[in-house]
Asker: 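Okay, handing you the structure first.
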Number of protein chains: 2
Amino acid sequence: MSVQERKQRERAQRERLIVATARELAEQQGWDAVTTRQLAERIEYSQPVLYSHFRGKREIIGAVAIEGATELAAAIRAATATAPSPRARVTALARTYLAYAEHNPAVYDALFQLDGGLTFANDETPAPLKDAFAALLETLTEVAGDGIEPGLFTELFWSSLHGLATLSRAGRLLPEYADRRVELLVDRLAVL
Amino acid sequence: MSVQERKQRERAQRERLIVATARELAEQQGWDAVTTRQLAERIEYSQPVLYSHFRGKREIIGAVAIEGATELAAAIRAATATAPSPRARVTALARTYLAYAEHNPAVYDALFQLDGGLTFANDETPAPLKDAFAALLETLTEVAGDGIEPGLFTELFWSSLHGLATLSRAGRLLPEYADRRVELLVDRLAVL
DNA sequence: CTTGGTTGTCTAGCAGTGCTAGAATCGAGC
DNA sequence: GCTCGATTCTAGCACTGCTAGACAACCAAG
């Protein structure tokens, strides 16, 4: 292996370290605690090194978001794959989505609450984000109902999940209703 | 009127000026532009004056949020009052909610995206916030369906609206589906 | 009208933020 | 061992929210 190759490899590894450290720090202490100084200290480099990998903090958040989108898509596909019926698949999808948002709040924030400099619903949308939407579409298409475009239905179902995820995490919904909210969502929205 | 009364009145008026100016600035240039220095300059006082009215920036955001909750509740009640049928009322509610979020993005952010130091779904929740939820409840109760607690149904319907509002404003949903999303939401969720 | 004291306001500054220019250091190839 | 380009760090900028202490305005009493 050439010297150049080794350097490139080490550089890529350091970039992964930055993203992983940012994510860890955000999950532990919230995104406010992810300052460039704190992050630099944790990876044991100085601040300008961060800027040699990313244009700024936004891009770091964006990188965490893309990582999250990949995980979320995989989790949804895994959960729906083993479910035997359309109803079971939709329920699994909803529960998995909400569980991911609940257990990875910082990543979910990076995806949807913070500005990671990412675009959506157009050609420049990063592939992992489009794929996460595709994962939803795969399961939801079969319960969209007659004459309803799957994309339209998926947008609505996704919006409902997103609303539930954000409002419940902000403490704006009663925790004791959590399960029944999901049940009602599936019962009403999906055509079974 | 005593001197004390006059001072109290002037003080209250200045407080309203602060909130109104913060809101205006946020709608014009986003909340990031609402710095204590910028805000102080616009009201033609120095920064410490802001802190004699509010504990900090969070409380100013919270004040804008409460103003927004009051407006939103009124808008929903006005829109549903004239609608002749349950279906028309629910549709009016949904459209009004989403229109408010779209036309007052900074206020909506103050309510739900930013931390205004407000609590929800408990006893210490400010009255205007509880009342806004009550306004939703009034119209949605009649379409909750048999055996479904109105509060549970309202939480779900509200979550869906909130998800639609935030995702569509972030450019994550296709604009051309906007009307059909609302139509589908009402059709599926409400029991008519 | 002057004084005294309270109330209100402002100036100036702190510690922290994201980000960057230029100095210092490292290391690969001769 | 030396050179010189690539890499990394130090030190600093302009900005943020927030506040201590100096200053000014004002009202009541003499």
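Everything numeric here is computed off the predicted structure, so don't read it as measured data. Chain letters run A, B, ... following the sequence lines, proteins first, then strands; residues in each count from 1. No hydrogens, no waters, no symmetry mates; every other heavy atom, side chains included, goes into these values.
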Asker: Within this structure, what is the NZ-to-C1' distance between B:Lys7 and C:dT7, rounded to whole angstrom?
Answerer: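 Going from B:Lys7 (NZ) to C:dT7 (C1'), I get 6 Å.
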Asker: Quick one: label A:Arg14 by what it contacts on the DNA or RNA (base, sugar-phosphate, nothing), any heavy atom closer than 4.0 Å.
Answerer: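 Sugar-phosphate: the residue A:Arg14, judged by heavy atoms under 4.0 Å, touches backbone atoms but no base.
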Asker: What is the distance from CZ of A:Arg58 to P of C:dC19, rounded to the nearest Å?
Answerer: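 Going from CZ in A:Arg58 over to P in C:dC19 covers 9 Å.
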Asker: Would you kindly give the CD-to-C1' distance between B:Gln29 and D:dC15, to the nearest whole Å?
Answerer: 16 Å
Asker: Hey, is the side chain of B:Thr35 poking within less than 4.0 Å of OP1 or OP2 on D:dT16, counting only N and O atoms?
Answerer: yes
Asker: In whole Å, what is the span from the CD atom of A:Gln38 to the P atom of C:dC19?
Answerer: 16 Å
Asker: Between B:Ser46 and A:Pro48, which is nearer to the 5' end of DNA chain C once each is assigned its nearest nucleotide?
Answerer: B:Ser46
Asker: So, is A:Arg6 near the phosphate of C:dA28, with a side-chain N or O under 4.0 Å from OP1 or OP2?
Answerer: yes
Asker: Using atom CG of A:Asp115 as one end and atom C1' of C:dG18 as the other, report the distance to the nearest whole Å.
Answerer: 15 Å
Asker: NE2 of A:His53 versus C1' of D:dT7: gap in Å, rounded?
Answerer: 11 Å
Asker: Write down the distance between CG (A:Leu50) and P (D:dT8), rounded to a whole number of angstrom.
Answerer: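 Distance check: A:Leu50 CG to D:dT8 P gives 12 Å.
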Asker: Tell me whether the side-chain N/O atoms of A:Tyr51 come closer than 4.0 Å to OP1 or OP2 in C:dT20.
Answerer: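 Indeed not, no polar side-chain atom of A:Tyr51 lies that close.
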Asker: Between A:Asp131 and A:Arg77, does at least one N-O distance fall below 4.0 Å, as a salt bridge requires?
Answerer: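 Looking at A:Arg77 together with A:Asp131, the answer is yes, because their closest N to O distance falls below 4.0 Å.
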Asker: Without decimals, in angstroms, what is the distance between B:Arg11 CZ and D:dA25 P?
Answerer: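 Roughly 19 Å, once rounded to whole Å.
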Asker: Looking at B:Tyr45, does the NZ or CZ of B:Arg14 lie under 6.0 angstrom from its six-membered ring centre and within 45 degrees of the ring axis?
Answerer: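 Flagged: B:Arg14 positioned over aromatic ring of B:Tyr45.
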Asker: Could you pick out which residue, A:Tyr45 or B:Lys57, lies toward the 5' side of DNA chain D when each is mapped onto its nearest nucleotide?
Answerer: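 Mapping each residue to its closest nucleotide by heavy atoms, the 5'-most match is A:Tyr45.
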Asker: Is the base of C:dG18 touched by the side chain of A:Arg37 through a donor-acceptor pair closer than 3.5 angstrom?
Answerer: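 Flag set: donor-acceptor pair detected.
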Asker: With a 4.0 Å limit, can you tell me whether A:Thr36 has a side-chain N or O closer than that to the phosphate oxygens OP1/OP2 of C:dG18?
Answerer: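 For C:dG18, OP1 or OP2 has a side-chain N or O of A:Thr36 closer than 4.0 Å.
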Asker: Is it true that B:Asp109 and B:Arg169 have a side-chain N and a carboxylate O under 4.0 angstrom from each other?
Answerer: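 Salt bridge flag = yes for B:Arg169 with B:Asp109.
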Asker: Check whether the side chain of A:Gln47 and the base of C:dC19 form a donor-acceptor pair under 3.5 Å.
Answerer: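 By the distance-only test, yes, there is a pair.
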Asker: Assess the side chains of A:Glu149 and B:Tyr177: does a donor N or O sit below 3.5 Å from an acceptor N or O?
Answerer: yes
Asker: Less than 6.0 angstrom from the centroid, inside 45 degrees of the normal: does A:Arg172 satisfy that with respect to the ring of B:Phe112?
Answerer: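 No - A:Arg172 does not lie over the ring of B:Phe112 by the 6.0 Å and 45° rule.
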